[in-house]
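Read the structure below first, then the notes.
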Amino acid sequence: MVPGARLVILGRQGAGKGTQCVRLARHYVVPHISTGDIFRAAVKEGTEFGNKLNEYMHAGQLVPDEIVIGVVRERLNQRDTRSRGFIFDGFPRTAEQAEELNKMLDEENMPLDLAIDLEVPVEYALTRLAARRTCSTCATIYSTDRPPSINWTCDNCGGEVVQRADDTEEAIRRRLEDYNTLTEPLIAWYLEQDLLVTIDGLGTPDEVLNRLTRAIDHRSG
Ligand SMILES: [Zn+2]
């Protein structure tokens with residue numbers, strides 16, 4: 001049986017993090033836990049922290065850390081994560097959250113294997129994000145290199161495929177800078193814990209996946 005894995009994946013937008021998380025989840029047979037997905041699921045199922053989360057989101061207020069952590073804890077207590085592990089995508093966002101996560105994992109005796117920083121140059125991410133086009137109906141993502149088959153009409157739903165207003169070069173550049181500012185302390189924290197590995201995100205998806213699995217297997221082996 002393939003051994004599981006307990007991972008946190010970091011990386012700026014445009015680094016291909018989402019794609020690699022899906023592939024890693026398949027490779028190690030572990031759940032890919034993206035914050036957006038577990039937030040939606042917790043609200044829908046009406047869990048204790050899902051209900052609290054819902055109140056903040058309805059009021060349009062910033063969700064406090066303790067509630068984010070609560071939702072994560074609820075997800076970690078499910079059977080698949082307990083038996084196989086997890087790949088966190090979009091969490092933790094701050095060093096404080098990383099510390100809370102580590103505490104939680106220590107208590108449950110399921111320590112983190114690695115935090116992986118999937119690294120691509122800013123200019124590369126910028127080019128990729130600027131080429132991105134999105135279906136205005138179902139949000140499927142295309143790019144100028146991989147357009148839908150007929151005239152910017154979505155292959156899935158027939159909706160109009162457009163460049164989102166927040167995908168302009170200026171807006172993307174600002175988002176990438178914000179990411180750096182926000183993530184620096186988080187990276188530093190994982191480095192200090194000797195849990196961080198930086199992986200080159202350039203190349204084909206297969207090449208990047210190979211680099212990732214080599215680093216992970218080396219670490220847990
Ligand atoms: Zn569509």
Side-chain angles (χ1 to χ4, degrees), residues 7-47 50 53-54 56-63 68 71-72 75 78 80-81 86-91 93 116 118 120-179 182-183 201-209 212:
L7 307 168
V8 163
I9 313 289
L10 310 169
R12 58 170 62 98
Q13 276 193 311
K17 178 165 64 84
T19 309
Q20 292 301 333
C21 283
V22 170
R23 288 171 147 244
L24 285 171
R26 220 177 285 148
H27 184 91
Y28 291 104
V29 201
V30 295
H32 168 203
I33 302 183
S34 90
T35 342
D37 289 347
I38 60 168
F39 278 16
R40 271 187 295 274
V43 168
K44 199 171 152 207
E45 287 160 24
T47 65
L53 179 65
N54 202 18
Y56 279 92
M57 293 198 311
H58 259 285
Q61 286 173 337
L62 193 71
V63 182
V68 177
V71 174
V72 168
R75 182 63 187 84
Q78 290 178 24
D80 57 349
T81 26
F86 49 80
I87 294 172
F88 272 118
D89 172 7
F91 176 86
R93 282 201 189 281
I116 295 175
L118 192 59
V120 298
V122 171
E123 290 308 311
Y124 173 86
L126 189 72
T127 308
R128 263 181 76 161
L129 292 170
R132 190 162 74 171
R133 300 291 180 271
T134 312
C135 172
S136 48
T137 307
C138 75
T140 297
I141 291 173
Y142 299 90
S143 80
T144 50
D145 309 329
R146 284 178 297 103
S149 43
I150 306 161
N151 201 19
W152 298 107
T153 300
C154 178
D155 291 335
N156 294 334
C157 76
E160 194 189 353
V161 175
V162 297
Q163 182 170 35
R164 286 184 357 190
D166 56 354
D167 275 348
T168 62
E169 185 173 328
E170 195 197 328
I172 295 166
R173 209 175 271 283
R174 203 174 323 121
R175 286 210 300 273
L176 291 173
E177 276 164 20
D178 288 350
Y179 173 83
L182 198 69
T183 316
L202 293 180
T204 67
D206 283 344
E207 285 165 354
V208 177
L209 182 69
L212 287 166

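These figures come from a predicted structure and were not determined experimentally. All ligand and atom numbering here is 1-based and tracks the order in the structure.
- Judged by distance alone, with hydrogens and angles left aside, the side-chain atoms of Gln13 form no donor-acceptor pair with the main-chain N or O of Leu129 at under 3.5 Å.
- The side chain to side chain donor-acceptor pair (under 3.5 Å) pairs that include a residue from residues 139-148 are Thr140-Asn156, where partners are two or more places apart or lie in different chains.
- Looking at Ser136, its side chain does come within 3.5 Å of a backbone N or O of Glu160 through a donor-acceptor pair.
- Within the protein, the N, O or S atoms lying under 2.8 Å from the Zn ion (ligand 1) are Cys135 SG, Cys138 SG, Cys154 SG, Cys157 SG.
- Remark: Phe88 engages Phe86, Phe91 in a ring pair (Phe, Tyr, Trp, His ring centres under 6.0 Å) (not counting sequence neighbours).
- Residues meeting the side chain to side chain contact (heavy atoms under 4.5 Å, CB included) test with Pro147, sequence neighbours left out: Trp152.
- Each of Thr35, Asp80, Asp37 was compared with Arg75 under the side-chain hydrogen bond (donor to acceptor under 3.5 Å, both in side chains) criterion, and only Asp80 meets it.
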